Amino acid sequence: MDEGDHTSRADGGIDPDNGDESDHSSDSEDEGPEAEDPDIEDFDPDAPTETGGDSSTEADPTTPTEADSGGFSEPDPDTGLNEDGTSHDTPDVESIDSGADTPSVSTDARPETAGLDNGGRDRSSPDVDFDGVVLDDDDEDNQGLFDDLLSGEPIFENKEVLRPSYTPHELPHRNDQINRMATILVSALRGETPSNILIYGKTGTGKTASAKFVSQELESTSQKYDVPCEVEYINCEVTDTQYRVLAQLANTFIEENQAVIADRLERLETLREDATDAEDTAGRDAAAALADTEFDSVDEIDERIETLEDDADEMEEVPMTGWPTDRVYSTFFEAVDYHERVVVIMLDEIDKLVEKSGDDTLYNLSRMNSELDRSRISIMGISNDLKFTDFLDPRVKSSLGEEEIVFPPYDANQLRDILQHRADIAFKEEALTDDVIPLCAAFAAQEHGDARRALDLLRTAGELAERSQAEIVAEKHVRQAQDKIELDRVVEVVRTLPTQSKIVLFAVILLEKNGVHNINTGEVFNIYKRLCEEIDADVLTQRRVTDLISELDMLGIVNAVVVSKGRYGRTKEMGLSVPVEETEAVLLSDSRLGDIENAQPFVQARFDN
């Protein structure tokens, strides 16, 4: 560095770690009115300056002052005198540059810069305006992660309308099924036991939405006419054992019973206070005050209060595990029969319950009415499997399937009406082009009339358009959404496969990428063994590998068929049913499979064996 070159830090001070003696400067050094340019050739050695001035004087940030110039005041150009009328000799440049040995003279911080830096460093450099530059720059650059994303105009008005959990106020093209359910369940509003209902239909045909819609109408009407009727919903794909179903129902009714007891206790306490006050203040007999009630004395009220408190104490919630099933059942039985009511138990995905724990739950629930004294129970089962009743006990099947309702798949025109109905609520006005809804309906109808798939497609298309900050949803967004949904499904399934299944799938991919068609089990097994050796994984038997291939076929990842080779026996021939590149990328993201550097030699093993 050249002698006299002053190097300033970002905070306006001088770097104390620079070993060059000429780079050091103290607070008493003269930077002069031209201090913005630190080069030595711009320094005027003839300018008369003198130490002095009050550092606490407020300074204009655009004009060098005593505080801004290291303590030197600028002389009057006409007289050569300072503001106080004194004069002095101009110091040498060398004396100024040798500030390393000169003690530093500190000044008090100005009020407007106080608190910015307490490290004893020079904060008065005219190169930095703490109020104007630093703080303002921070404000301008302080852009959050989501600021740009929020700057665009949203496309959605209410995105939740497009989710499967939303229950609409109107279900197009399901009036017949809804009216039939209503005619069956209306007997509950008369205090009678409704017939059990089984609802069938493929995924996305409106079964659950229609059943929930009817249930909401049933409960609202029961409140309107003060009839004790309620619907309890259970998703058997989650609550899939007899214990869990009975425990969830028992705890639900226990909670409701405790609320009923609390309400009754509050009314009895009020009645007791009124009767006691009438006896104490008005001199009337308590029996006269209770003439219009079911009680003859205050003692009877106390007895009823004590009974209700005992009932509340005896109601113990069922833990999710640990009790014998018969105890759970008896607790549920007592809870549901505590007071008069009609209960409709809606079992969604009922075939999952039967598949996991048999038909004991359905048998017990369907036979409960013969033992109940105050309440009545009806079962509404919803299933995607039209044949699941074939595995039921004949007694359960006869009592459970008293009424059956089938939901047929939607066609493209019906899906278009459903999407239009939801889109009017979900999107802002004119946010969709005319071809978006027909295209979504056509894609969903090509599969099996799945309204849920159509709604997911429309929602995803809107999200993609919103992320790209487009003003409207167009056809290209629908096609992108179609590809994304399909790829997301494949990625999620492949990503969650066990390691052995991933190795088998990777072997199939390697064979297919190298032009092998009609891949058989033996070829896959040969590649599989070499891959296992490479990543130090256990090698399964060929029979077990064949089972893993069958599982991949069931998941729709590969398409495997059994072919006969005559006297050589039978084998499975397979091919991929998913995109090769994307699937391979997901597999290689696995830490173990990612260690395979060169897969080509393993493919050659097919021909070696």
Side-chain angles (χ1 to χ4, degrees), residues 148-166 168 172-173 202-206 209 409-496 505 509 512-513 555-559 575-589:
D148 290 339
L149 300 177
L150 289 173
S151 62
E153 193 69 23
I155 292 177
F156 290 101
E157 188 74 37
N158 182 8
K159 190 191 297 185
E160 298 304 313
V161 173
L162 300 177
R163 298 194 182 276
S165 57
Y166 175 77
H173 306 291
K202 292 184 178 181
T203 303
T205 53
Y410 294 107
D411 60 31
N413 292 329
Q414 292 173 336
L415 288 174
R416 187 182 305 179
D417 294 340
I418 294 170
L419 292 177
Q420 187 64 59
H421 183 264
R422 299 282 187 100
D424 291 341
I425 307 172
F427 291 95
K428 292 185 176 293
E429 190 174 355
E430 297 182 356
L432 305 178
T433 59
D434 294 338
D435 51 357
V436 166
I437 289 179
L439 187 58
C440 289
F443 277 138
Q446 282 177 0
E447 296 183 16
H448 46 72
D450 189 344
R452 188 175 303 164
R453 176 63 180 270
L455 291 170
D456 285 344
L457 193 59
L458 182 58
R459 175 179 54 80
T460 306
E463 290 174 347
L464 292 175
E466 201 169 55
R467 290 170 195 170
S468 62
Q469 296 187 345
E471 296 181 356
I472 59 173
V473 184
E475 176 187 344
K476 66 176 182 179
H477 298 120
V478 178
R479 298 190 182 278
Q480 292 171 1
Q482 171 76 353
D483 296 338
K484 182 178 184 299
I485 289 175
E486 183 63 27
L487 183 60
D488 287 349
R489 184 189 69 83
V490 172
V491 168
E492 185 62 24
V493 171
V494 173
R495 187 182 62 81
T496 55
L505 179 58
I509 290 177
E512 187 148 313
K513 284 185 66 177
L555 292 171
I557 298 175
V558 301
N559 182 25
L576 280 176
S577 302
V578 293
V580 176
E581 300 297 335
E582 290 82 355
T583 307
E584 183 181 15
V586 176
L587 291 175
L588 292 177
S589 66

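The structure presented is a predicted model; accordingly, all values stated were derived computationally and were not measured.
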With a 4.5 Å heavy-atom cut-off, do [X] and [Y] have their side chains touching?
X: K476; Y: L464; result: no
X: L457; Y: Q482; result: yes
X: L505; Y: L576; result: yes
X: Q414; Y: P172; result: no

Enter the distance from [X]:[atom1] to [Y]:[atom2] here, rounded to the nearest 0.5 Å.
X: I425; Y: Y166; atom1: CD1; atom2: OH; value: 4.5 Å
X: R479; Y: L439; atom1: CZ; atom2: CG; value: 5.0 Å
X: E157; Y: D424; atom1: CD; atom2: CG; value: 11.5 Å
X: K484; Y: E463; atom1: NZ; atom2: CD; value: 7.5 Å
X: F427; Y: L458; atom1: CZ; atom2: CG; value: 4.0 Å

Salt-bridge criterion met for R459 and D456 (N-O under 4.0 Å): yes

Do you know which two heavy atoms are closest between [X] and [Y], and how far apart they sit?
X: V478; Y: C440; answer: CG1-SG, 3.7 Å
X: I472; Y: A465; answer: O-CB, 3.9 Å
X: A426; Y: V161; answer: CB-CB, 4.2 Å
X: L415; Y: A441; answer: CD1-O, 3.6 Å
X: S577; Y: G556; answer: CB-O, 3.3 Å
X: L455; Y: L162; answer: CB-O, 3.7 Å

Does a sphere of radius 6.0 Å around [atom1] in [X] hold more than 12 heavy atoms from other residues, nucleotides or ligands, not counting ones at 6.0 Å or beyond?
X: K428; atom1: NZ; answer: yes
X: E582; atom1: CD; answer: yes
X: K159; atom1: NZ; answer: yes
X: D434; atom1: CG; answer: no

Please check: side-chain N/O of [X] versus main-chain N/O of [Y], any donor-acceptor pairing under 3.5 Å?
X: T583; Y: V491; value: no
X: E475; Y: D435; value: no
X: E512; Y: I509; value: no

